[in-house]
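Let me begin by presenting the structure, written as structure tokens, before commenting on it.
Chain A is the first sequence line, chain B the second, and so forth, proteins listed ahead of strands; every chain is numbered from 1. Basis for what follows: all heavy atoms, side chains included, without hydrogens, waters or symmetry-related copies.
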Amino acid sequence: MKTNEEIAYIFEIISNILEIIGENPFKSRAYRNAAGTIRDMETDLEDLTAKQKLTEIKGVGKDLADKINEYITTGSLTYYDELKAKVPGEFLDLLSIRGIGTKFLSNMFVSHNIRSLKQLDNLLNSEKALGIRGLGNKKINELKTNIAHYKQNIGRINIGIALPLAELLVSEIKRLSPDSRPTIAGSVRRMKETVRNINLLCIKDGKIDITDGLSKLDIISSVSKKEESFAEFRTEKDIEFTLTYCVDSSYGSTLLYLTGSRKHNDKLNKIAADSGFLLNKNGLFRDGIRIAGSNESHIYRELGADYIQPELREDIEEIELSLSGRLPSTVELSDIRGDLHTHSTWSDGRSSVNQMIMAAIEMGYEYIAITDHSPSSKIANGLDIKRLMQKKKEIEEIDSSTDRIKVLMGAEVDIRKDGSLDYPDDILHELDLVIASVHSNFNMSNEDMTRRIIKALKNPLVHILGHPTGRLVGERRAYEVDMDAVIDTAYDLGKALEINSSYKRLDLKDTHVKKAIKKGVELVISTDAHNTNQLSNIRYGVATARRGFATKKDILNTVDVGKITTWLKELKPK
DNA sequence: GCCGTTTTCGGCCCGACTGTTTTCAGTCG
């Protein structure tokens, strides 16, 4: 893991602990602010430490600079260790439950001696709960519901955390044993939105003990199992990862087996058995003779099926489609030609318009839309009309000064409670691209929310509905909304629905994507990037689209710049 | 704990919403 991310993570935990033990809230905020800045920085903290320039970072003074220095030179931070000893990690994790914040946890911790989810559960289910200031029947019930939702996701890791970690581990194995062909398997390979652990596969190296080599890495905290063909580790963030060793001749069959899903494998095994084969992780056999095994696609082929990409291996008709040669060729990362939802320092982004554009050029994009927030999003520093027009001027100047990329002037406009938009129509008319999104009043009835969103879609100046269900993966459930009605309306009006690539959103999710393309609705895959690094999150959106069977032609931003500008203009009334 | 400066200490993102209250506190975006 990169040092910047490590330190940002540590500062965030410190910030939370300080609030819970009742320290000065502004001290806590200082750590949180520094964590945010450090996470988004492009310069390495190690460089800045060497040059003694840490205090030049905004939000880092002498004290925090010393702490960064200590961590970088010694690999640990005494202050952090001391604080962690005071508050159990399991208790801190409760912060991710909706409706629970630091004030509540602090009260539980300090005044009620609560230290775990179990103790909190017991308290909420006891008569004592109603006696606590701030807790009434409604609040208690809300907490119970949200805790139940939280319990379902305990131990699950977001794909956006798991995949980079898996990639890092693969590169470490490659470094230890260059010919071992390490690769990602399991639900990470299938790009499920959350996963329970990380599964890797490599070929056993006769000379080097890879398990031993990995156990010495900083990111590995322990080796829980070590066998001939298998090892299980825990990383420093307590994420479990397993490494399976195989031989060359069964590399494909083991990869197939480890990738899953179980349902996909079960069905495949049955199909094999029905045709007189035996399929297991050692290979595909007939009469005891190995027919295939070193390569996944050979196995599919021998079974009379086309190769099935990992994202589809969920037993969602992919096997049937493959057997009959009707498996769609899904959209690829390389098909994406531009990003239509990004933020800049004009609102709550961390990178300037120029930085975003340079990064988009580096990614090989033909176009990028800079779509900052509208005024209702106060906390996001949403643009009032005056600033919107200033930004428009800046965008137009930059756009006309470069022929390397088309820069579109857009906005992510709040859909207000009544379905009206956060800028008047004559202002929306000034923009190249309008995304309409819900950012407030999530607790409406299904009917009201559906009416609200459809009303916004019906505004002729809206091009795209942003993150259509408002969910946060593993954190916040989608708001109540009739997605079928939204999909129908979008289709009727020729509007696009967004697949938001932020791994915290993935919204639309895969099953909605499937529904939308069945109807024939235009989809866009966008990042909602708030800094240049996040532009690369596009791969999570692409994976979600692929899991929903989307092909290149279903995704609007796979078309070239000419077609995209035509689409934007034609949708807009003259 | 940081920042900016009235260079020694006060202020620190802000408003809506909700469920508690009986005038407000906590959470969220």
Side-chain angles (χ1 to χ4, degrees), chain A residues 7 10-12 14-38 54-68 77 79-80 83 94-111 124 129-147 150 343 345 347-350 372-384 412-418 422 437-444 448-449 466-467 470-472 475-477 479 500 502 504-505 507 528 530:
Chain A
I7 291 176
I10 289 172
F11 280 6
E12 230 161 53
I14 290 177
S15 168
N16 288 338
I17 296 178
L18 290 176
E19 286 192 50
I20 285 165
I21 62 178
E23 263 272 12
N24 175 4
F26 294 107
K27 180 172 167 181
S28 159
R29 191 182 295 175
Y31 277 94
R32 192 176 307 282
N33 289 342
T37 313
I38 289 168
L54 285 172
T55 49
E56 287 180 15
I57 304 167
K58 194 169 160 56
V60 174
K62 185 181 175 308
D63 195 275
L64 291 191
D66 285 348
K67 293 200 164 63
I68 295 171
L77 181 58
Y79 183 58
Y80 175 54
L83 286 175
L94 303 180
L95 273 177
S96 61
I97 299 174
R98 289 275 119 185
I100 290 183
T102 47
K103 288 284 166 59
F104 177 79
L105 275 197
S106 180
N107 183 22
M108 289 296 116
F109 187 84
V110 177
S111 310
L124 289 176
L130 261 181
I132 294 171
R133 196 182 155 78
L135 288 188
N137 275 320
K138 271 197 171 173
K139 185 76 187 171
I140 290 171
N141 283 332
E142 182 205 332
L143 286 176
K144 283 184 185 170
T145 311
N146 292 346
I147 285 173
Y150 170 78
H343 296 267
T345 43
S347 62
D348 59 348
R350 296 252 186 190
D372 283 294
H373 289 283
S374 63
S376 281
S377 286
K378 300 273 182 219
I379 188 112
N381 192 22
L383 278 63
D384 59 24
E412 183 184 19
V413 186
D414 271 36
I415 302 175
R416 296 184 189 134
K417 195 172 183 177
D418 64 357
D422 209 21
S437 303
V438 169
H439 287 122
S440 59
N441 301 94
F442 297 106
N443 292 326
M444 294 168 79
D448 288 347
M449 186 61 93
H467 41 76
R471 68 137 177 196
L472 295 177
E475 258 186 64
R476 183 176 71 204
R477 276 167 300 170
Y479 38 67
N500 190 296
S502 162
K504 293 181 176 173
R505 291 191 182 272
D507 178 14
D528 200 355
H530 282 65

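- In this structure, A/S347 contributes its side chain and A/G382 its backbone to no donor-acceptor pair below 3.5 Å.
- As a whole-Å value, the separation of A/I97 CD1 from B/dC28 C1' is 16 Å.
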For nucleotides 17-23 of chain B, read 5' to 3', which letter fits each nucleotide if B means a protein heavy atom sits under 4.0 Å from the base, S means only the sugar-phosphate is that close, and - means neither? S-SS---
When every nucleotide of nucleotides 8-15 of chain B is labelled 5' to 3' by its protein contacts under 4.0 Å (heavy atoms), B for base, S for sugar-phosphate only, - for none, what sequence of letters results? ----BBBS
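- Nucleotide B/dG1 holds its P atom 7 Å from the CD atom of A/E23, rounded to whole Å.
- The closest donor-acceptor contact from the side chain of A/N500 to the backbone of A/D507 lies at 3.5 Å or more, if one exists at all.
- Residue pairs meeting the salt bridge (Lys or Arg N to Asp or Glu O under 4.0 Å) criterion with at least one partner in residues 96-106 of chain A, sequence neighbours excluded, are A/R98-A/E475.
- When rounded to the nearest whole Å, the span between CZ of A/F11 and C1' of B/dC2 equals 12 Å.
- One can place CZ of A/F104 at 12 Å from C1' of B/dT27, the figure rounded to the nearest angstrom.
- Residue contacts for A/T102: at a heavy-atom cut-off of 4.0 Å it reaches the sugar-phosphate backbone alone, with no base atom in range.
- Partners of A/R29 according to the salt bridge (charged side-chain N to carboxylate O under 4.0 Å, His left out) rule, which considers only residues two or more places apart in sequence or in another chain, do not exist here.
- Residue A/R477 contributes atom CZ, which lies 16 Å from atom C1' of B/dC28 at whole-angstrom precision.
- Side-chain contact check for A/S376 and A/D414: no donor-acceptor pair (N or O, by modelled atom type) lies under 3.5 Å.
- Residue A/R98 contributes atom CZ, which lies 9 Å from atom C1' of B/dT27 at whole-angstrom precision.
- For A/N33, there are no side chain to side chain donor-acceptor pair (under 3.5 Å) partners at least two apart in sequence or on another chain.
- Looking at which nucleotide of DNA chain B each of A/I57 and A/H439 is closest to, the 5′-most match is held by A/I57.
- Side chain of A/R477 to main chain of A/R471: no donor-acceptor pair is present (N/O by atom type, distance under 3.5 Å, no hydrogens or angles).
- With C1' as the reference atom, B/dG11 and B/dA16 are 24 Å apart, rounded to whole Å.
- Look at the C1' atom in both B/dG10 and B/dT5: the space between them is 11 Å, to the nearest Å.
- For the C1' atom pair drawn from B/dC3 and B/dT8, the interatomic distance equals 13 Å after rounding to whole Å.
- Below 30°, between 30° and 60°, or above 60°: for A/Y31 and A/F11 the angle between ring planes is above 60°, a perpendicular geometry.
- Rounded to an integer number of Å, the gap from CG of A/L143 to P of B/dA25 is 19 Å.
- A parallel orientation is assigned to the rings of A/H530 and A/H343, their planes being inclined by less than 30° (bins at 30° and 60°).
- By the salt bridge (charged side-chain N to carboxylate O under 4.0 Å, His left out) test, A/K27 is found to be paired with A/E23, residues two or more places apart in sequence or in another chain being considered.
- When the C1' atom is compared between B/dT6 and B/dG1, the two are found 22 Å apart, to the nearest whole Å.
- Map A/K58 and A/G101 each onto its nearest nucleotide of DNA chain B; the residue landing nearer the 5' end is A/K58.
- Look at NZ on A/K504: it is 14 Å from P on B/dC28, rounded to the nearest Å.
- Of all nucleotides listed (B/dC28, B/dG26, B/dG1), B/dG1 comes nearest to the side chain of A/Y31.
- Nucleotides B/dG15 and B/dT20, compared at atom P, are 25 Å apart to the nearest Å.
- The same atom, P, is picked in B/dC17 and in B/dC13; the two are 22 Å apart, to the nearest Å.
- In this entry B/dT8 has no Watson-Crick or G-U wobble partner, no candidate having both defining distances under 3.5 Å.
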